[in-house]
Amino acid sequence: MHSRNVVSWSTLMTGLFQKGFAIEVLGLFKNMVLEDNLCPNEYILATTLSSCSNSGMLKEGLQCHGYVLKTGLLFHQYVKNALVRMYSTFSDVEGATRVLNSIPGSDTVTFNSIIHGLLDHGYLSEGLEVLCRMAAECVVWDNVTYVNVFGLCSRLKDLKLGLQVHSRMLKSGDEFDLYLGSAIMDMYGKCGQISVARKVFDGLQTRNVVSWTAILAAYLQNGCFEEALKLFLQMELEGVVPNEYTFAVLLNASSSLSAFGYGNSLHALAEKSGFRSHIIVGNALINMYSKTGIIEGAYEVFTDMLYRDSITWNSIISGYSHHGLGKEALAVFHDMLAAGEHPNYVTFIGVLSACGHLGRVQEGFYYLHQLMEEMGIKPGLEHYTCMVGLLSKAGLLYEAETFMKSTPIEWDVVAWRTLLSACQVHRNYVLGKQVAEIVLHMDPDDVGTYTLLSNMHAKAKSWDGVATIRKLMRRRDIKKEPGLSWTEIRNDTHIFVSDDNSHPESNQIHEKVKELLDKIKPLGYVPDIASVLHDVEEEQKEEYLGHHSEKLAIAYTILKTPSRAPVRIIKNLRMCDDCHSAVKLMSKVTNRVITVRDVNHFHCFRDGMCSCADYW
DNA sequence: ATAGGGTTAG
């Protein structure tokens with residue numbers, strides 16, 4: 001153009017802004033001032049400020065604010081709104097509030113911007129306050145307001161508020177849109193009302209990928225993992241193309257089921273669909289591989305990722321920790337610091353539990369008392385519980401007990417259970433029984449603790465103790481949870497129940513178990529018959545041990561898969577001592593890698609050893 | 001003649 005004016009620049013800048021080229025808008029702003037010597041007006045500044053928000057350019061945003069002050073454009077509504085959004089986006093609540101209050105006149109967009117900004121940075125009560133103010137000042141609510149307010153209800157998990165807002169929306173008679181539909185489903189999902197969310201979904205006239213993903217996420221958040229995976233097939237059938245959020249949800253559903261078959265297929269599909277470099281997909285993949293027991297797969301995804309954020313680092317660190325790989329976890333943690341990524345609350349849970357696996361008591365306390373302080377992270381219950389685990393794992397049971405008594409925090413049942421299982425491993429039954437009392441006082445229905453307690457009595461050969469526990473369980477009507485193990489072979493899941501002969505191939509499986517046990521006896525396997533609490537002959541006790549669900553699942557997988565294939569088992573309870581020592585030797589005689597995910601640990605058995613170093 | 005705010009995720 002031979003001659004350009006502010007409107008020419010403004011038109012171009014708006015076009016770029018709306019297509020997502022925020023950085024380019026800032027470049028144009030500079031050129032307009034320097035090349036054409038033009039003075040920006042309120043249109044230019046509104047767009048430029050928004051571009052600063054969208055591209056994360058804080059410094060430039062502040063410079064624009066200075067420009068606004070110098071040029072006296074502050075009293076234009078659009079400019080004010082853009083400023084409020086800029087400060088909200090950069091989580092400067094005070095700055096946003098200052099703009100909000102210092103310039104008279106706030107419209108719907110002003111309030112929408114500040115509420116959204118507050119929610120996005122976790123200022124929920126402040127968000128609620130602004131909403132009340134908006135209502136008090138009788139500012140009109142539009143669809144964007146409703147979307148934001150439903151977001152507020154989701155985060156507060158406040159169903160009552162959600163229902164009130166939904167009613168108000170229906171009465172307002174405003175035109176409904178897809179943003180609203182997704183926000184409503186999200187609200188009901190996060191407030192635990194999955195069937196209402198589904199009803200909203202079924203009532204949608206049109207659906208896009210976000211509506212689908214929102215309902216899948218609602219199923220996920222309500223523990224309906226298989227339903228989520230099933231519904232995805234329906235989504236594909238209707239020709240809706242999944243995006244990176246969809247894959248994150250589905251991978252998470254697979255992780256929760258420990259379904260590596262689904263996880264693997266989804267990984268392939270995500271790559272084919274071009275989501276290889278999306279952070280949330282990478283993070284979900286790390287999580288999926290780690291939770292399905294394939295920690296090498298998790299690391300491979302991690303190393304291949306082009307872009308990482310703090311969740312990426314946290315995922316691989318806690319993945320390594322869950323697998324008992326303390327050295328690897330700490331090495332990645334140091335890489336994280338070197339890469340300039342700031343650790344957070346969650347990072348240190350993984351780091352401290354890694355110290356636990358390595359028995360590094362001093363290093364753990366250094367992180368807790370010094371590094372966390374330096375980084376401005378206040379230790380919480382989870383961190384202190386890691387310290388209890390760390391001390392007790394190192395055999396310092398009484399130090400752990402003292403630590404618990406001297407730390408001013410309200411301990412939960414998890415912390416006491418940590419100390420309890422340490423007492424079991426270190427065979428300190430005196431302290432163990434005391435701690436078990438505390439655990440049962442806090443949670444009288446905890447079946448695992450009764451089992452642990454009666455095991456401790458049995459190990460100490462206190463048969464009266466065993467009888468007392470069993471009486472107690474009968475009196476309190478505590479039913480022993482059946483032991484379940486499952487394994488995925490090709491695309492089928494096979495479930496095994498302890499002491500259950502109803503499997504069609506039961507005979508073969510038992511024969512295979514017997515064969516394996518006979519093979520490992522010469523290597524030192526001694527059946528732990530003391531742990532069998534049935535009143536039967538010794539020989540039969542040995543047979544009962546062979547009926548544990550993980551032994552059945554392992555025998556079956558070995559029968560049905562090629563000779564070098566890894567064996568992966570998931571079970572619902574804690575692995576017992578007998579199975580643990582048996583499976584170690586089985587990994588040796590079969591030359592297989594056997595991974596068992598029990599209720600809270602991963603055990604990777606290889607060549608006669610377990611990754612948990614016999615502490616779990 | 002040119003301008004602003006929203007949904008799903010780890």
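The chains referred to below are lettered A, B, ... by the order of the sequence lines, with proteins before strands, and numbering in each begins at 1. All values below come from the heavy atoms of this structure, side chains included, with hydrogens, waters and symmetry mates left out. These figures come from a predicted structure and were not determined experimentally.
- Closest approach to the A:Asn252 side chain among B:dG5, B:dG10, B:dA3 is made by B:dG10 (side chain taken as heavy atoms from C-beta onward).
- A:Phe333 and A:Trp313 have their aromatic ring centers separated by at least 6.0 angstrom.
- Looking at heavy-atom distances under 4.0 Å, A:Ala217 makes contact with sugar-phosphate atoms alone, never a base.
- Under the 6.0 Å cut-off for aromatic ring centres, A:Tyr67 and A:Phe29 qualify, their centroids lying closer than that.
- A:Leu220 comes within 4.0 angstrom of the backbone, heavy atoms only, and of no base.
- Nucleotide B:dT7 holds its C1' atom 17 Å from the CD atom of A:Glu175, rounded to whole Å.
- Across the protein-nucleic acid pair, A:Phe150 atom CZ and B:dT8 atom P stand 13 Å apart, rounded to whole Å.
- Looking at heavy-atom distances under 4.0 Å, A:Asn143 makes contact with a base.
- Checking the phosphate oxygens (OP1, OP2) of B:dG10, no side-chain nitrogen or oxygen of A:His278 falls inside 4.0 Å.
- Of the listed nucleotides (B:dG10, B:dA1, B:dT8), B:dT8 has the atom at the smallest distance from the side chain of A:Asn243.
- The interatomic distance linking A:Met1 (CE) with B:dA1 (P) rounds to 15 Å, in whole Å.
- A cation-pi arrangement is absent between A:Arg133 and A:Phe111, since the terminal nitrogen or guanidinium carbon is not both under 6.0 Å from the aromatic centre and inside a 45° cone about the axis.
- Phosphate proximity of B:dG10 to A:Lys291: absent, as no side-chain N or O sits under 4.0 Å from OP1 or OP2.
- With rounding to whole Å, A:Ile316 atom CD1 is found 18 Å from B:dG10 atom P.
- Annotation: A:His278 is not in aromatic contact with A:Phe247 [ring centroid separation under 6.0 Å not met].
- A:Leu131 has its CG atom 20 Å from the P atom of B:dG5, to the nearest Å.
- For the pair A:Met13 CE and B:dA1 P, the interatomic distance rounds to 20 Å; values are reported in whole Å.
- With hydrogens and angles ignored, no donor-acceptor pair under 3.5 angstrom links the side chain of A:Asn148 to the base of B:dG5.
- Comparing B:dG5, B:dA9, B:dA1 against the side chain of A:Val7 picks out B:dA1 as the nearest.
- Aromatic rings of A:Phe602 and A:His322 (six-membered ring for Trp) have centroids beyond the 6.0 Å cut-off, not under it.
- Between B:dG6 and A:Asn112, no contact under 4.0 Å exists linking OP1 or OP2 to a side-chain N or O.
- Residue side chain A:Asn5 reaches the base of B:dA1 through a donor-acceptor N/O pair under 3.5 Å, judged by distance alone.
- One can place OH of A:Tyr78 at 11 Å from P of B:dT2, the figure rounded to the nearest angstrom.
- Side-chain rings of A:Tyr188 and A:Phe150 stay apart, their centers remaining 6.0 Å or farther from each other.
- Set against B:dT7, B:dG10, B:dG5, the side chain of A:Ser182 has B:dT7 as its closest nucleotide.
- Below the 3.5 angstrom threshold, one finds a donor paired with an acceptor across the side chain of A:Asp177 and the base of B:dG6.
- Residue A:Ile279 is classed as a base contact, given a heavy-atom separation below 4.0 Å to a base.
- Among the heavy atoms of the strands, none lies under 4.0 Å from A:Ile184.
- Taking only side-chain atoms of A:Ser113, from C-beta outward, the nucleotide of B:dT8, B:dG5, B:dT2 with the closest atom is B:dG5.
- In this pair, A:Tyr245 does not lay its aromatic ring on the base of B:dA9; centres under 5.5 Å and planes under 30 degrees do not both hold.
- The aromatic ring centroids of A:Phe225 and A:Tyr262 lie 6.0 Å or more from each other.
- Within the nucleic acid shown, A:Val210 comes within 4.0 Å of at least one base atom, counting heavy atoms only.
- The separation between A:Leu152 atom CG and B:dG6 atom P is 16 Å, rounded to whole Å.
- Aromatic stacking is not marked for A:Tyr179 over B:dT7, as the cut-offs of 5.5 Å for the centres and 30° for the planes do not both hold.
- Here A:Gln221 does not reach the OP1 or OP2 of B:dT8: none of its side-chain N or O atoms lies under 4.0 Å away.
- Note on A:Phe247: nothing from the nucleic acid sits closer than 4.0 angstrom, heavy atoms only.
- Residue contacts for A:Thr108: at a heavy-atom cut-off of 4.0 Å it reaches a base atom on one of the strands shown.
- Distances shorter than 4.0 Å separate some side-chain N or O of A:His116 from OP1 or OP2 on B:dG6.
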